[in-house]
Amino acid sequence: MAEEKRELQLKTPAADFEILGSSFYTIAQEMGANIERTARAPIFFSAHDFVVVIAKPNGDLITLAEYIPVLVGACPFAIKAINEYYKGDIHEGDVFLVNDPYTLAGGNQPPDWCIVTPVFYKGEQIFTVAVKAHQADTGGAVPGGYNPNALDIWGETVRIPPIRIYERGKERSDVLNLILTNVRLYDLQRSDLLCMTAATRIGARRLAELVDMWGKAAIQTYIEDVFNYADFTMREQVDKITDGTYHAENVPQYPGRFNDASIIQCDMTIKGSNMTLDFTKCGPQVREYVNSTIANTYSCVWLTLLTSLGKKIRREYRNQGCFRMLTILTKPGTILHATLPATTGNDTNYTAAQIIDVVEACLALAVPREVSAGWGHIPYWVFSGIDPRRGRGYGSPDFLSCATGAGAIWGVDGWSTNGPQICSGTLWYPEIEVAESVYPIVWERWELAQDSGSPGKWRGGWGVHNIWAADSDPEPINLAYAQEPYDYPVIPAIAGGKMPKPNSKRLLMKDGHWETEEDTRRKALFQLHSGDKVVDYSQGGSGVGDPLDRDIDAVWEDVRNELVSIKSAREDYGVIIDPATFQVDREGTERLRKELKRAKA
């Protein structure tokens, strides 16, 4: 804190800086729009579960279109892995593919495949563009790309080290056929890989046009300037934090099926405008498929810093320079630095959420007004099978069960049904009618869940009740359990705010038999037939500030809208509402709040 005053001096004229920033970002957006228009998998065109980036040849991010932000920070790892694997053997017209987290740390999560294309201008590589996207299937023992019972990574996925799928503009059909023969949805995923490849080619063409317009020297000067701008802006925010070490930890509340739950903890050290995040004290990697790859851990940290300290940086200027001030420390073999052969298939959801939580909890100790409270953790299934109406395969997470509430932030209630924090509000939920037309499923209920948003002066956003029935006979629907397996609390709850109650995940079979929360957790894999039902409760976000200080009329309005129960209004907020007239007893409320505050003290 309080380092000597720094000054930012840019070589690019201000107007040019604005135009070039918008130009790079527009190119990234056009790449994303091309994916939306041409993809076949609903995971792409409906949920937008992908990201596109423009980078320097070495992988440093220049611009990103953050469709799913948790994927952004993993793209440089993919690019660097390809550069190392094919050192001196990268040519114009080449296209590469990678998903393996253990070959040169090139992947984050097996279902997220990354297409990487080098961009040449007059014979010289000047950029790299990449698309990372969630695939409908990724091989392995279980359809849909998620195998909670996998013993090792080979049980989860076909491992794709950095591999060239186009060589000097010509498709390597033998390589693509080898890969796609090892997934269940050959035609669908071939189309989507071509869609991803086409997006990178559009990006490459637009970037060459940009260099033609501005000249190579002006572009390189802008990139240097925009990196320095991002670095300067982030250091300004870090410099406001009092020097010292801030500690946070997330302790699992359930030991797990294998009694191996690991603590996740972070020490954040601030020295001037530099930040170190030390995760080396985290527990060992686990049997469940939530071990975080190093690419995923870095990506989660970057996401957290950009949505807190970096939230005022315009999206055009979010780049690698934002992280020059940052050092990340991990220990191989721990839950946040998985090593072969640990399973990692669900790490972008868990332990991604816990990484974000502990970093936010550290920041909340230092700058509580700059960071949100914890966001609800998602309790979803992954479903897959053959749609009997068309005779075609499908596979997808149940994105409608991902509609958890966001945590509040100082002065503002949390957003409702906002999805996991890995998406930061960018996840698109499929329209129910569209989802029913794509999958052999009928939804019975999708509505805000009463009392799911955690109390606070500013409360958390609401989660949902999500109930649907299989309508797939004679084909089964394969279900894979994808809820966080260790019940980590939703931290931080800031300045007296509260945390949400746990998620719930049950099955009601057509014969009337219930598979309880404990049953679904223990068995993990199911097959549903027509009439069997999924019954999910998705939690809300954590609160900020003492609930007893919440505006009385705001509590009354939530009660009127059936979002807060009369019981919660009294017990959590100290607001007395007559159930017959819905009138607030203001004198009684004042007395009750004083009593409750005395009891707290």
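Positions are given from 1 along the sequence. The structure displayed is predicted, hence computed values, not measured ones. Just the heavy atoms: all of them, side chains too, but no hydrogens, waters or symmetry mates, feed the values below.
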List the steps and the verdict of side chain to side chain contact (heavy atoms under 4.5 Å, CB included) for Ile165 and Ile115.
CA-CA 9 Å; Ile165 60 172; Ile115 291 284; 3.6 Å; yes

When rounded to the nearest 0.5 Å, the distance separating CD1 of Ile160 from CG of Asn99 is 4.0 Å

Stepwise side-chain hydrogen bond (donor to acceptor under 3.5 Å, both in side chains) test for Asp357 and His377: CA-CA 10 Å; Asp357 285 353; His377 300 160; 2.8 Å; yes

With sequence neighbours left out, the residues meeting side chain to side chain contact (heavy atoms under 4.5 Å, CB included) with Ser22 are Glu316

Residues at least two apart in sequence or cross-chain that pass salt bridge (Lys or Arg N to Asp or Glu O under 4.0 Å) with Asp192, listed by chain then number, are none

### Task
Return yes if a side-chain donor-acceptor contact under 3.5 Å exists between Tyr380 and Asn346, otherwise no.
yes

Residue set satisfying side chain to side chain donor-acceptor pair (under 3.5 Å) with Tyr289, at least two apart, ordered chain then number -> none

Between Thr200 and Thr117, does any side-chain donor sit less than 3.5 Å from a side-chain acceptor? yes

Residue set satisfying side chain to side chain contact (heavy atoms under 4.5 Å, CB included) with Thr426, at least two apart, ordered chain then number -> Ile68, Pro69, Cys423

Thr128 side chain reached by Val116 side chain, heavy atoms, under 4.5 Å
yes

Between Glu156 and Gly345, the two heavy atoms sitting closest are OE2-N, 2.7 Å

- Item | Chi angles and distances behind the salt bridge (charged side-chain N to carboxylate O under 4.0 Å, His left out) call for Asp267, Lys281 | CA-CA 9 Å; Asp267 287 316; Lys281 297 176 184 175; 3.1 Å; yes

- Over-ring placement of Arg318 relative to Tyr25, 6.0 Å and 45° cut-offs: no

Is the Phe96-Tyr166 ring centre distance short of 6.0 angstrom?
no

By salt bridge (Lys or Arg N to Asp or Glu O under 4.0 Å), Asp225 pairs with (sequence neighbours left out) none

Report task. Examine the side chains of His337 and Asn291 and answer whether a donor and an acceptor come within less than 3.5 Å of each other. Result -> no

- Between the side chains of Thr12 and Thr221, is a donor N or O closer than 3.5 angstrom to an acceptor N or O? no

message: Under a 3.5 Å cutoff, is there a donor and acceptor pairing between the side chains of Asn108 and Tyr298?
response: no

- Message: Would you say Gln125 and Glu92 are linked by a side-chain donor-acceptor pair, where the criterion is simply a distance under 3.5 Å?
- Response: no

Taking every heavy atom of Asn319 against every heavy atom of Ala230, the minimum-distance pair comes out as OD1-CB, 3.3 Å

Going by atom types alone, do Thr157 and Thr138 pair a side-chain donor with an acceptor below 3.5 Å?
yes

Legend entry - Backbone of Phe227 reached by a side-chain donor or acceptor of Asp231 within 3.5 Å: no

Across all chains, not counting sequence neighbours, the ring-ring contact (aromatic ring centres under 6.0 Å, His included) partners of Phe279 are none

Contacts of Glu30 meeting side chain to side chain donor-acceptor pair (under 3.5 Å) (sequence neighbours excluded), chain-then-number -> Arg206

**Prompt:** More than 12 foreign heavy atoms under 6.0 Å from CH2 of Trp428: is that the case here?
**Reply:** no

Problem set entry | Donor-acceptor pair between Arg235 and Asn274 side chains, under 3.5 angstrom | yes

- Is the distance between the ring centroids of Phe17 and Tyr317 under 6.0 Å? yes

Check your understanding: Strictly by modelled atom types, are Arg201 and Asn34 linked by a side-chain donor-acceptor pair under 3.5 Å?
Key -> no

So ring-ring contact (aromatic ring centres under 6.0 Å, His included) across residues 198-221, not counting sequence neighbours, yields none

When Trp113, Tyr67, Phe45 are each screened for ring pair (Phe, Tyr, Trp, His ring centres under 6.0 Å) with Phe50, the one that passes is Tyr67

Side-chain ion pair, Arg164 and Asp94, N-O less than 4.0 Å: yes

**Report entry** Between Asn296 and Ser292: side-chain donor-acceptor atoms closer than 3.5 Å
**Finding:** yes

Original post:
Do the ring centers of His134 and Tyr146 come within less than 6.0 Å of each other?
Top reply: yes

Side chain to side chain contact (heavy atoms under 4.5 Å, CB included) filter on Glu370, not counting sequence neighbours, yields Lys311, Val367

Residues at least two apart in sequence or cross-chain that pass side chain to side chain donor-acceptor pair (under 3.5 Å) with Ser191, listed by chain then number, are Arg40

Lys87 meets the salt bridge (Lys or Arg N to Asp or Glu O under 4.0 Å) criterion, sequence neighbours left out, with Glu84

**OP:** Could you please spell out the steps behind the ring-ring contact (aromatic ring centres under 6.0 Å, His included) verdict for Tyr429 and Phe399?
**Re:** CA-CA 6 Å; Tyr429 300 121; Phe399 288 109; 8.2 Å; no

For Asp60, the salt bridge (Lys or Arg N to Asp or Glu O under 4.0 Å) test, sequence neighbours excluded, returns Lys80

